[in-house]
Amino acid sequence: MFGVIASMVDGLLLGAVYGLAAIGLTLIWGVMNIINLTHGALIALGMFGVYFLTARVGGSPYVALLPVAVLGFVAGLAIYGLSVHRVIARPPLMSLLSTFAVNMVIIGAGTAFWSTSIYNLPFSVPGITWQGFTFTGAHMLAAAVAVVVAGALYLFMRHTRLGKAIRAVANNRQAAELMGIPSGRILAVAFALGVALAAVAGGLIATLFPFTVLSGSGYQLKSFVVTVLGGLGNPAGALVGGLLLGLIEGGVTPFIAVSWTPVIEFVLFVLILIAFPKGLFARGAAR
Amino acid sequence: MKRLWTALAFAIIALVGGGTRQTVAAADTITIGFTVSETGALNVDSLAQLHGFELWRDQVNAAGGIKVGGKGYQIRFVSYDDQSRPDRVQQLYSRLITQDNADFLFSPYSSNLVATAAIISEQYGKVMLTTGAAEEKTYQLGNKYLFQLYSPAKDYLAAAMDLMKKKDPTAKVALVYSDDGFSKAVAAAAKARAKELSQEVVMDEAYAPSTTDFGPIINKMIGAHADVMIGGGHYPDGTTLARQMFDQKAPMKFVCMLVAPDSPQFASLGDAAVGLAVPSQWEPSVTYKPQFGPDPATFGRDFQAKYGIEAGYHAAGGYAAGLILQQAIAKAGGLDQEKVTAALNATDATIFYGHVKFATDPQNHGLQLGHDMVLAQWQKKNGQLVKEVVWPDAAKTADLLYPMR
Amino acid sequence: MSLLRQPMLWLILGAMALFAGLPGFGGDVALREGLFLTAIAIILASNLNLMIGYTGYVNFGNIVFFGLGGYFGVWLTTMHGWPLVPAAIVAAILVSTIALFFGLGILRLRGSYFTLATIGINEAVRALVSNIDAWGGSTGMYLSVSVYQPLGGPRQALWIVYFLVIGIMGASLFLSWFIRRSKFGLGLFAIREDEDAASVLGVHPALYKSVIYSVSGFLPAMAGALFFFKNGVIQPDQAFDLTMSTEAIVMLMLGGQGSVTGAAVGAFLYDQLRSTLLTSSMFSQFQLVIAGILLLLIVLFVPGGLIGWIGERWPRLRRVLE
Amino acid sequence: MTALLEVTDLSIQFGGLRAVSEVDFSLAEGEILGLIGPNGAGKSTIFNLINGVLPPSSGRILFGGVDITGWAPYRVVRHGLARTHQIVRPLNDMSVLENCVVGGCFGRDNLTLAAARHKAAAVIEEVGLGEHRAVLARHLTIAHKKRLEIARALCANPRLLLLDEVLAGLNPTEVARMIEVLKAIRRQGVAILMIEHLMQAIMSLSDRVMVLNFGRKLAEGTPAAVVNDPAVIEAYLGTPDAAHKLAGEG
C-alpha cells in the first residue's frame, strides 16, 4: 500500500515536470497552430545548457535555469525567423517539416559535439524518507519550480499587455491586427516563449536524470500525450495533463510490468484524441 | 524528349556508379573491416572496443606486421559508423567485403548488430571475430565463420549469485534488467542459478533500454524488500539506474550490474558508484600468464599511455580479438578463410585476456568455452574511487564490500 | 490511349530494369545492398505519397505498416515454416486489414490532429509488440540461417529477396500511377484540396480515406516482411522507428509530393545522399545537419520538390513526369 | 404537380440558439424559389440542413419523394441535389476542367472519367469558362470562381440546384452574364433554390420568393406580393422607398 502511495506521489512530482515540458509545445500550438517538432531537441539543449553552466561556471543548477531560459528565448526567436515565420499560413505538413529540419540540425550538431554519451549532473538535494521510500529533494524542487513557472506564465498571459496581445492573436489574428497589434512580432515572442519553457523543462529534467543529446525525443512524445490529455493549445490544461500522466504512470506501475506503461499511455493518447480532439478539459465550441 | 531520357539514365548510372569506388589494397597488407557505433546509444562501449583494435594494429604494425611464412603483412583497417542501428549494417558489411576487399572482419558491438552482420559474413564465408556479442542465441543460428571472444551471457551473473550464496544465503534478490537480448539472456541464466542455489528472487522485471526514469522500478524494489539487485543492461541505462538508486536511498546491500560499471567513466557518478559490482570479461589487475602477446600489466600500461584512460574489458576484448586472429593467420600460414577458420577452431590458448577456446559443434559453433569472468567492485580507497576484483578468490585484489553502504 | 504509348510505363519499367540489371549482371553485391535500401525507400515514399500527396493526410507513423508486415512475415516464416512469398502476401493482407480498422478510427481527425494520432498509433504498436512474448518481446526474433535453405542458402536467398523487392518497387510505382489516373484518385485529390467541398460534390470521404490508408499499407508491409527476412533480426525499435517514417516524408518533399516520379526520385536521391554521407569520412559526423539544412531549404523555397520545380520550369515535362 | 422538394417543420439549435425554427416549404419540379432575408436569418443554414452538412434537430426533408433527412452530403448530391457555396470553395490546385470532372464523376450519373470529361467540357462552355479550362482554380477571378461553383454543381446533373449568393461581389456586367447562365439552366428544367440579396435578380428570376427572419418563415408568395408585404418591409427592406431602391439597384 505504501508502495502504491509512494509511487503515485513520485508520479505527481514528475508529472509537474512533464506538464512544464508540454506547456511550451501547447503554447505554440495554441497561438499559431503549429506542432513544434524541435521541441525535443530544445529540451535536450536545455539539459546541456544547465549542465555546462553548472559544470563550467559553477553554482546551483536552479540559478542556471535563468540564463538557460534567456538563451532559450533567443534561440526561439532565431528558429522562428529562420524556419517558422514563412510557413505559418501554409498546410500543416510544411511547418511540421520545417521544424523537424531544425530538429535534425540541432540533434546532428549536438551529436557531433557531445556524442550521444550520457551526461550526469553531479548534484543531489537531500530528500524526505517515508516508510523506506525516498522522495528526492531534486524531484520536489523540480515540481515546485514547474508549478511556479506555470503559474507565472498564467499570470503573464492574463495580466500583462504582452500576454493579452498573445491571447488576442491566438484568438483571431486578423481581428488582433485590426486592433493595431503587430501580430508578426507577437507570434515571434510567443514562439520564443514556448522554446524558453522547453529549455527550462529540459534543465529541470537534467537535475533529475542523466541524459544524452537524444533524451529530448522521449519527452517530446510525452509532451504530445500531455497536451492531448490537457487539450491542445491550452497551457493551463498542460499542467493538469502532466499531473494526470504522472499519476497514471505512478498508479499503474506497482501493479503491472513497467514495459506496459507506454502501451497504456499511447493507447489512451490515441483514444482520447479520437474521442475528444480538443482534450479532456476543453471548453467552448469546436473548430 | 529522347535527350531527357538519356540524360536521366546517365544521371542514375553516375550516381550509382559514384558509390562503387574500388579500393585496392597494397600487396602486403591484411585488410580488416568492421563497423563501429561512433554515434548512438552504444558508442561508449563500442569506441572502447575500437581503441583495443587500434592499439593492437599499431603495435603489430610497429613490430613489422603479422608474420606469415617469413613475410610481414601490415594491418589496414576499414571501418564505418553504424550509428548503433542495425538498418545499414548489412549494406556496410557487404561494402567492406566486396568493395573494400576486407580479408577478415571484426563484429559490430552488441548482439543485435552482430546477428544482422553475420548473415553477410556467412554468405561470403568471411571469418568474423565478435567481441561485445555475448548472447548465446547468435551462435546457435547455424553460422560457421563466427567466433566469440567474450564469455557467453550465462556466465555473467552466475558468479554474483555464487558469491551471494556464500556471503548472505538469505538475501532477497531483485532481478532488474534491460529488455534487450543480451541482458535478458543474462538475467534468465541468473534466475536459473538462483533457483539452483535456492536463493529467493522477490522481483523479476525488465525495463525498456531507453528508460530514463527508474523511480517506479526502484520503488518496487523497495516495496519488495529486496536486499540485492542484480541485472542492468548497457551503459546509459546502467548509470541512470545507479544514480537514482543512490538518490532514492534504496537500501541495497549489494548491487551487481552488467556492463555500465565496468567503464572508467562510471566513476563520474561519484558516491553513487561506491559498492557497485560488475561482471567483467577482464580487469587490469588480473594475473594471467600469456602464451603469447603482452601480459595484462603491459597491456594496461600501453593502453593508458595511448588513450589516457584505464583499459576496460571492452578494450581488452578488442585487443584480444586482434591477437587471436593474428595467431590463427600465422598458424594457417596464409589468408585462406578455410585454413584460418580451422586454426581458430583449434585455438586453445591463454593470453593476457585469459583462456580462449571456441565451441566447434555445429549447434553452438564459435561460442566461447575457455574464458572465465571476474567480478569487480567500485570501492573507495583514500577518497579515490577504484575498481577492485573481488571474485574469484584466486584473482581477487580486495575483499567484497558487503553491505555496500 | 494505348498503354504502350505512355512514357510513365517505360519510365517505371526502365527503373526496374536498371535496378535489377546493374547489380544483377555484374554480381556486384555492395551495389545490390545499396540499391536494396534505395528500393525500400522508394516503396515507402511512393506508398506514403498516396496518403500525403494524393489525399493530403500527413501520416507521420507510416512505418508502422512496414514494421508490422515485418513481424507477421518473420513470424510466419520462422515460427510456422511458411515459404517467403505466401508469408509476405499474408502479412500484407493482415496489415491492410488492421489498417482499415485504425483508419476508421483516426481518419475522423484532420490536419495536425491526424498527424499526432498516427504518431500515437506507431508508438502504441511499438510498445505493444515489445510486450508480446510470442514475438520475442523487445528482443524481437532472430532468424536461423536455416530459413534461407529453401531459397538455396543465404547467398542466393539475398538475391531472390532483392529481385522480389524490385518487383514490389515496380508494383508501388504502378499502383501510384494507376490511382493517379483513376476516378478513385480524382476523389482523393478532391479530398486533399477541400474535404468538405469534395463531399458536397459527391465524394464519400470516410470511405475513400479508409481505403487509401489501408491500400497505402499493403506494399510497405510486404516490403517489411522481405526486409526483415533478409535482415535476420526483427526488433520493435528497428521495426517501428519513427526516424524512418520521417525520412520517408523528407524523400517525398525532396522529389515532390503528389507526383509518381517525385516520390521515386526523392527516395532515390535521399537514400544515395544518406549512404554517401554515411560512408564519407568528412561528412559522417555532420550527415544529419546537412540533411536537415537541405530539408529546410526545400520546405522554404521549393515546396513542390524537384519534380514540382521542373514542372514549373518546363511545363511540357509535367505530363511525362506526372 | 408533385413537389420535388418538401421541407416540413425544419429546425436546428446551436447551443441555446434556434438558428432555424419550424420552417415549412416546398418546391416544384423546374421551379425557381428565391430565399431572402437579413444577414443571420438562417438562409445558408437551411442549405446546410438540406444537403446534409448539418443534421437537423427536428423536421423532415423529402426530395423526389425520398426522405433524405440526415443523409451525408455525398449521398444527397448523388441523389440529384447539388449546391454552391456562398464563400467559394474551389479545389485550388486542380484545373477548372478537373474541378468539373469531380462533379461529373461523383454526381447523380456516376460517370466514368472519360464521360465526365466530356460532360465537363460542355458545361464549362455553357457557363462561359471555355478559355480557362486548363487554368488552376486558384488563379481564377472571383467572378469566374463563382461560375466554376455552378459549373461543378451542374456536372452532377442535378434535379435541384441550391445557389448561395452566386451574384454577390460581382460587377453589373458580370451579374448580367450570370443571370443569362441561370436562365439557361432553368431552360434545361433544373429546379433552383437561390439565396440572393440582389432584389433585381430575385424579382426577374424567381417564380416564388420566401422570406426568412430570425430563423422563421416570415412570408412566401410571388415576388411582387412579397415585396409589398408590410412585415417583410419592416424586417428586411426597411421603408417601402428603400425597397424600391433596392429592387432598382444593380
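In the text below, chain A, chain B and the rest are named by the order of the sequence lines, each starting its count at 1.
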- Measuring heavy-atom distances to chain C, does D/Val53 have an atom under 4.5 Å in its side chain, in its backbone, in both, or in neither? side chain

- Within a radius of less than 6.0 Å around CD of D/Glu131, do more than 12 heavy atoms belonging to other residues, nucleotides or ligands occur? no

- Note on the structure: Here the pair of heavy atoms bringing C/Ala190 nearest to D/Val102 is CB-CG1, 4.0 Å

Can you check whether chain C and chain D share any donor-acceptor pairs under 3.5 Å, and give the atom names and distances if they do?
unit_1	atom_1	unit_2	atom_2	d
D/Tyr74	N	C/Ser199	O	3.2
D/Tyr74	OH	C/His204	NE2	2.7
D/Arg78	NE	C/Gly202	O	2.9
D/Arg78	NH2	C/Gly202	O	2.8
D/Arg89	NE	C/Asp194	OD2	2.8
D/Arg89	NH2	C/Asp194	OD1	3.1
D/Arg89	NH2	C/Asp194	OD2	3.4
D/Arg89	NH2	C/Asp196	OD2	3.4
D/Asn92	N	C/Glu193	OE1	3.3
D/Asp93	N	C/Glu193	OE1	2.9
D/Cys105	O	C/Lys183	NZ	3.2
D/Asn110	OD1	C/Lys183	NZ	2.8
D/Leu111	O	C/Lys183	NZ	2.9

- More than 12 non-hydrogen atoms from neighbouring residues, nucleotides or ligands closer than 6.0 Å to CZ on D/Arg177, yes or no? no

- Over 12 non-hydrogen atoms of neighbours within 6.0 angstrom of CZ in D/Arg133: no

- Sequence neighbours left out, what passes side-chain contact (heavy atoms from CB on, under 4.5 Å) with C/Leu273? Give chain and number order. C/Leu277, C/Leu294

- What part of D/Leu81 gets closer than 4.5 Å to chain C, counting heavy atoms only: side chain, backbone, both or neither? neither

- Query: Looking at side-chain heavy atoms only, is the closest gap between D/Val77 and C/Leu201 below 4.5 Å?
  - Reply: no

- Message: Using a 6.0 Å cut-off, check whether atom CD1 of D/Ile87 has over 12 heavy atoms from anything other than its own residue.
- Response: no

